[in-house]
Amino acid sequence: FGMKFENILVERRQGVGLITLDRPQAMNALCAALFDELEYALDELEADDKIGAIMITGNDKAFAAGADIREMKDKTYQDMLADSGLIKNSARLSKCRKPVIAAVAGYALGGGCELAMMCDFIIAAENAKFGQPEITLGTIPGIGGSQRLTRLVGKSKAMDMCLTGRMMDASEAERAGLVSRVEPLESYQQVAMAAAQQIAGYSKPVVTMLKDLVNVALETSLEQGLNAELQQFKATFALDDQKEGMAAFTEKRQPEFKHR
Ligand code: CO8
């Protein structure tokens, strides 16, 4: 990587780009420099043809305990309007073309919860705690907390979480549909990495179509969504990878996808 990272660690593991938030002294609070590094890392991993999926994680105590309150606290309204680096690239993750899995242990609060919700799905450790505590600081969520959380868990729970600022634990988050799986703390990262490597092993164009279609479901009517799905389903038959996948099944062997 061309950039020297100070707030994240980035590595490539068998088709997966692994990004680890790395400010343990501050519970991985999301400072502007961290967002800059995250943007850079995502640009690189997205441009790398060998990378088929991305995993983003933190440490056992915190995925991220929110935007950096120390860095933010003295900003004026004018500073925020001028977008002085704080909010500029914070949404980059939600624009990623490749599947992104969040592996969350410990605190995912405020911007940390919002960052996790920008990912395609969340695998949580048993000790994970999610929340939007901005209200306790005299502010509100700024990068998806009131919007993505409501779509993910519904109005009642989103109102409860945002207005009281309480945390929800991993099992409540799983019941509510915020996370896709809950795993022991010892293995949640391996489970997420295995899922990312599984995805990275599939046909890349097909993966991209499918990720886009699930997102279409959040943005459009059922009729339009079904129509988009059917068009793309037919389109997979123009790919060598569909021929290879179905040939491999009938020949009882593993497919070798060529990503075309
Ligand atoms: N910002 C800055 N520093 C933090 C943050 C944070 N969000 N969270 C923790 N830290 C620091 C603490 O200040 C402390 O530093 P020090 O040791 O120097 O005093 C260190 O991390 C360890 O934290 P604690 O001692 O507090 O650890 P505890 O185990 O007692 O508590 C908690 C852990 C519960 C996570 C607690 O630290 C906490 O409540 N943190 C703040 C959570 C919060 O309110 N988050 C929301 C922030 S606002 C936000 O995210 C808005 C996003 C809007 C969009 C942003 C666009 C970029």
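Each ligand, and each atom within it, is numbered from 1 in the order the structure gives.
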Check your understanding: Taking N or O atoms only and a 3.5 Å limit, does Ala65 qualify as a polar contact for ligand 1?
Key -> yes

Review point. Do any N/O atoms on Arg70 end up under 3.5 angstrom from N/O atoms on ligand 1?
Key: yes

Exercise for review: Test Cys119 against Leu93 for side-chain contact (heavy atoms from CB on, under 4.5 Å), laying out the working first.
Suggested key: CA-CA 7 Å; Cys119 299; Leu93 190 57; 3.6 Å; yes

Check your understanding: Would Arg253 and Glu244 pass as an ion pair if we require N to O under 4.0 Å?
Key -> yes

Exercise for review: Check each of Met72, Met27, Lys73 against atom 27 (O) of ligand 1 and report the one with the nearest heavy atom.
Suggested key: Met27

**Study point:** Worked check of side-chain contact (heavy atoms from CB on, under 4.5 Å) between Asp43 and Arg92
**Key:** CA-CA 9 Å; Asp43 286 347; Arg92 173 63 179 86; 3.0 Å; yes

Exercise for review: Indicate yes or no: does an N/O atom of Ile69 lie under 3.5 Å from an N/O atom of ligand 1?
Suggested key: yes

Check your understanding: If you count the non-hydrogen atoms of other residues, nucleotides and ligands that lie under 6.0 Å from CD in Glu256, is the total more than 12?
Key -> no

Check your understanding: Considering distance alone, does some N or O of Ala67 sit under 3.5 Å from an N or O of ligand 1?
Key -> yes

Check your understanding: Salt-bridged, Asp49 to Lys204, with N to O below 4.0 Å?
Key -> no

Check your understanding: Can you list the ligand 1 atoms lying under 4.0 Å from a non-hydrogen atom of Leu109?
Key -> 35 (C), 42 (C)

Practice item. Assess Arg12 against Phe1: is NZ or CZ under 6.0 Å from the centre of the six-membered ring, and within 45 degrees of the ring's axis? Key: yes

Point to revise | ligand 1-proximal atoms of Glu134, by part, heavy-atom distance under 4.0 Å | key: side chain

**Study point:** Distance-only N or O hit between ligand 1 and Ala29, under 3.5 Å
**Key:** no

Point to revise | Distance filter under 4.0 Å to Glu114 heavy atoms, resulting ligand 1 atoms | key: 52 (C), 53 (C)

Check your understanding: Do you know the tightest heavy-atom contact between Gly110 and Pro133?
Key -> N-CD, 3.3 Å

Check your understanding: In terms of heavy-atom contacts, does CD of Glu11 have more than 12 from other residues, nucleotides or ligands at under 6.0 Å?
Key -> yes

Review point. Which atoms from ligand 1 have a heavy atom of Gln25 less than 4.0 Å away?
Key: 20 (C), 21 (O)

Exercise for review: Using a 4.0 Å heavy-atom threshold (strictly under), name the region of Leu137 that reaches ligand 1: side chain, backbone, both or neither.
Suggested key: side chain

